[in-house]
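A note on names: the letters A, B, ... follow the listed sequences, proteins ahead of strands, and every chain is numbered from 1. All of these numbers come straight from a predicted model, not from anything done at the bench.
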Amino acid sequence: MSNTSGKFIQSSLGKKLLMGLTGLFLISFLIVHCLLNSFIFLNDGGVMFNEGAQFMANNPIIRIMEIVLFFGLIAHAVQALVLTLQNNKARPIKYAVNNGNANSKWYSRSMGILGSLLLLFLVVHLSHFWIDTKAAQFNGTIAEHNTYLEMIEVFHNPINVAVYLLGVIALAYHLLHGFPSAFQTMGWNHPKYNGLIKKTGILFSIVVPMIFAAMPVAIFLGWIK
Amino acid sequence: MSGHMNLTLKVWRQKSDKENGKLVTYPVQNISPDMSFLEMFDVLNEQLITKGEQPIAFDHDCREGICGMCSMYINGRPHGPKRGVTTCQLHMRSFKDGDTIVVEPWRAAAFPVIKDLTVNRSAFDRVIAKGGFISVNVGNAQDANNIPIPKPDADAAFQAAACIGCGACVATCKNSSAMLFVSAKISQLALLPQGRVEATARVKNMVAQMDEEGFGNCTNTGACEVECPKGISLENIARMNREFFVANIKS
């Protein structure tokens, strides 16, 4: 049998692997982001939170990882678009009747829509916090930059709180499929570990978005000042 | 004749892949609940022939769930509402008197419609031709236990080999992906020592042909596993992924 295959990354499985790996990388970012922001729950007027924000802004490794993160996000989104277009082409005539709920979860079939919502949310989110921080970095005023106050201000607006809650719900469902899916894509499917992956995935997809959701809610209700 | 059913069928009629098709409504009366779904179609076709109309073309052969020819998308699900059966094994008792049943062909760019409910599944044959075989000499049939194979591996290979290549996985997948089929064919050989010899080239060639045929990409919704009449599991897709990644690292 001679080998007649093409390039790995152009193959369907290669593209799948890139989706899974970048997805897991973005998940690892979520953990860091969630832990650091949880400093606001200390309710110390943002002292620890700003301390953490300053550390992140000044640490060279974090600065490099920020760039890697952007590339990871772009790769994840662009690959998703390429795959979605290909998948649409694979069924030019749709079914008149299709009972998808009989065999799969709606959020598993809606990763493209959930991901697009998350991308829209990210634009809003970055315009709230990231752009100002970047501006302060370039102007050399990062030492005086108070992200905490900015956060309090943004989350006193009920519309912003609603947008963030919607974003977090989209994130929860995206993770609910994405987390176990990444392991399946990497080939990690074994009866001994499937239960662990599934349970960890569900726990992660509920707990992390809940912590994120608690931040705007707590600030809006005045629990955190 | 108690318990006989009257049904309304909406069946996809299409003269050829060059022409557009449409759903046509046919009432059928006096259907026995013990008939198979295909026998109900036989009754309908008899009526159509008597009236001088074209009978509905549909694929069938063994009518006992082992050949993989029957292929109807019934009320939005391949092989109908029951799990673990092919269309020929589906009985009319799975429906209720007065039901409306929509029947469509498998829909995928890689499975063009030949006529009505029949589709061309030779894309699967071309995938098999790229590596779904063993070309090394493995000698005569061995005595039992001459080649030691762990029982779990033998069982997994046997389960993968149960795939009848009907294409229900492609039909139900929202992406028209053929990965359940291809992974079953790769697995049944990769798990056994005779198949290991060519495992690297096999997985690369078969995946390349699968992509070439225009099947979509798997997004792990798991629909294929649920709808597969032979219960082929997603474990096979994970195994194919592992085999493919390792094969690409090695060569």
Flag the pair [X] / [Y] as yes when at least one side-chain heavy-atom distance between them is below 4.5 Å, and no otherwise.
X: B:N205; Y: B:V207; value: no
X: A:L81; Y: A:H76; value: no
X: B:T8; Y: B:T25; value: yes
X: A:Q86; Y: A:N88; value: no
X: B:W12; Y: B:V103; value: no

Among [options], single out the residue with the greatest number of heavy-atom pairs under 4.5 Å to chain A.
options: B:C218, B:C224, B:A108; value: B:C218
options: B:E213, B:Q209, B:E198; value: B:E198
options: B:V136, B:I237, B:V102, B:N217; value: B:N217

Quick one: which of [options] has the most heavy-atom pairs under 4.5 Å with chain B, could you say?
options: A:S12, A:P180, A:S104; result: A:S12
options: A:R109, A:K16, A:Q10; result: A:K16
options: A:K94, A:H190, A:K105; result: A:K94

Side chain, backbone, both or neither of [X] within contact of chain A (heavy atoms, under 4.5 Å):
X: B:R239; result: neither
X: B:E104; result: side chain
X: B:M206; result: neither
X: B:R202; result: both
X: B:I74; result: neither
X: B:N75; result: backbone
X: B:P105; result: backbone
X: B:S135; result: side chain

Note to self: Among residues at least two apart in sequence or on other chains, which ones pass ring-ring contact (aromatic ring centres under 6.0 Å, His included) with A:F8?
What the structure shows: B:F244, B:F245
Note to self: Under 4.5 Å from any heavy atom of chain B, what part of A:M19 do you find: side chain, backbone, both or neither?
What the structure shows: neither
Next item on the list: Answer with side chain, backbone, both or neither: which region of A:T185 has an atom nearer than 4.5 Å to a non-hydrogen atom of chain B?
Entry: both
Item checked: Least distance between heavy atoms, B:L7 atom then B:M92 atom -> CD1-CE, 3.4 Å
Would you say the ring centroid of [X] lies under 6.0 angstrom from that of [Y]?
X: B:W106; Y: B:H79; result: yes
X: A:F155; Y: A:F220; result: no
X: B:F111; Y: B:F215; result: yes
X: A:Y107; Y: A:Y173; result: yes

Note to self: To the closest 0.5 Å, what do you measure between CG (A:L73) and CG (A:L118)?
What the structure shows: 9.5 Å
Next item on the list: Quick one: pull up OG in B:S94 and NZ in B:K82 and give me the separation to the nearest 0.5 Å.
Entry: 4.0 Å
Check: What are the residues of residues 185-197 of chain B, in order of number, with any heavy atom under 4.5 angstrom from a heavy atom of chain A?
Finding: none
Note to self: Report, in residue-number order, which members of residues 167-182 of chain B are under 4.5 Å from chain A by heavy-atom distance.
What the structure shows: B:V170, B:A171, B:T172, B:C173, B:K174, B:N175, B:S176, B:M179
Next item on the list: Could you note down all residue pairs passing salt bridge (Lys or Arg N to Asp or Glu O under 4.0 Å) where residues 18-27 of chain B supplies at least one of them, sequence neighbours left out?
Entry: none
Margin query: Set out, in order, the CA-CA distance, both residues' side-chain angles and the distance that settles ring pair (Phe, Tyr, Trp, His ring centres under 6.0 Å) for A:F179 and A:F204, then state yes or no.
Written below: CA-CA 8 Å; A:F179 190 98; A:F204 188 88; 5.6 Å; yes
Notebook entry, point to check: Do the rings of A:Y164 and A:H125 sit parallel, tilted or perpendicular, given the 30° and 60° boundaries?
Noted result: perpendicular
Next item on the list: Start with the C-alpha gap between A:F25 and A:F29, add the side-chain angles, then the distance that decides, and say whether ring pair (Phe, Tyr, Trp, His ring centres under 6.0 Å) holds.
Entry: CA-CA 7 Å; A:F25 174 60; A:F29 159 72; 8.2 Å; no
